[in-house]
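One structure below.
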Amino acid sequence: VKRCISMQEKARDGDFGANPMGADLTEKVKERLKKLVDSNYCTQAELDGKVMSKMRLLPERDALSSIEELSAVPRAQIRNFGSYFMGILNRYMRG
């Protein structure tokens, strides 16, 4: 509830980056995810439905920040990509 109220306040104050992306990811987020796949950091299959669904619930700004946080970690240190990325996304969901 606190996160929802916080997001509503930011939207009211003109911080449009605070609204969830909704049904589809924005172009910036799609481009950044494509760069991860193209650089062989992850596969398209690793960006499965659960990861994408969770990402749609985030504002664009938070989604981009979560991707940056993920890409800052060397891939060899991540044993379970999906779980690791979901952990980052959940942290951004909590605010």
Side-chain angles (χ1 to χ4, degrees):
V1 173
K2 183 179 179 183
R3 172 84 173 144
C4 182
I5 292 169
S6 174
M7 290 175 65
Q8 289 173 349
E9 288 172 353
K10 288 179 182 179
R12 182 191 66 223
D13 295 337
D15 187 0
F16 298 108
N19 293 321
M21 286 183 275
D24 202 15
L25 300 174
T26 64
E27 287 304 313
K28 285 183 183 180
V29 173
K30 286 180 185 178
E31 287 173 20
R32 190 63 187 102
L33 289 172
K34 185 175 179 335
K35 284 182 184 179
L36 286 180
V37 173
D38 291 347
S39 68
N40 292 322
Y41 188 84
C42 65
T43 65
Q44 189 64 46
E46 288 174 315
L47 297 173
D48 64 0
K50 288 171 89 175
V51 170
M52 297 305 240
S53 295
K54 181 69 75 170
M55 192 167 287
R56 284 186 201 99
L57 298 174
L58 291 172
E60 179 184 61
R61 177 188 61 228
D62 289 347
L64 291 170
S65 295
S66 68
I67 295 168
E68 290 305 314
E69 184 175 333
L70 173 72
S71 63
V73 177
R75 181 60 169 101
Q77 292 182 357
I78 302 173
R79 284 188 287 172
N80 186 329
F81 180 85
S83 294
Y84 190 86
F85 198 15
M86 285 297 285
I88 293 172
L89 294 173
N90 284 329
R91 197 163 356 100
Y92 277 92
M93 286 294 295
R94 287 191 299 267

Roughly how far, to the nearest 0.5 Å, is [atom2] of [Y] from [atom1] of [X]?
| X | Y | atom1 | atom2 | result |
| --- | --- | --- | --- | --- |
| Asn90 | Leu58 | CG | CG | 9.0 Å |
| Leu47 | Phe81 | CG | CZ | 5.0 Å |
| Glu31 | Ile67 | CD | CD1 | 11.0 Å |
| Ile88 | Ser66 | CD1 | OG | 7.0 Å |
| Lys35 | Ser71 | NZ | OG | 10.0 Å |
| Arg56 | Leu89 | CZ | CG | 12.0 Å |

Which atoms form the tightest heavy-atom contact between [X] and [Y], and what is the distance?
| X | Y | answer |
| --- | --- | --- |
| Leu64 | Lys28 | CD2-O, 3.9 Å |
| Asp24 | Lys30 | OD2-NZ, 3.1 Å |
| Arg75 | Tyr41 | NE-O, 2.7 Å |

Non-hydrogen side-chain atoms of [X] and [Y] separated by less than 4.5 Å:
| X | Y | answer |
| --- | --- | --- |
| Ile78 | Phe85 | no |
| Lys54 | Lys50 | no |
| Leu33 | Met55 | yes |

_Tell me if the NZ atom of Lys34 is crowded by more than 12 foreign heavy atoms within 6.0 Å._
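Incorrect, the count does not exceed 12.
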
Are any side-chain N or O atoms of [X] and backbone N or O atoms of [Y], one a donor and one an acceptor, separated by less than 3.5 Å?
| X | Y | value |
| --- | --- | --- |
| Tyr84 | Gln77 | no |
| Arg91 | Arg94 | no |
| Asp48 | Val51 | yes |

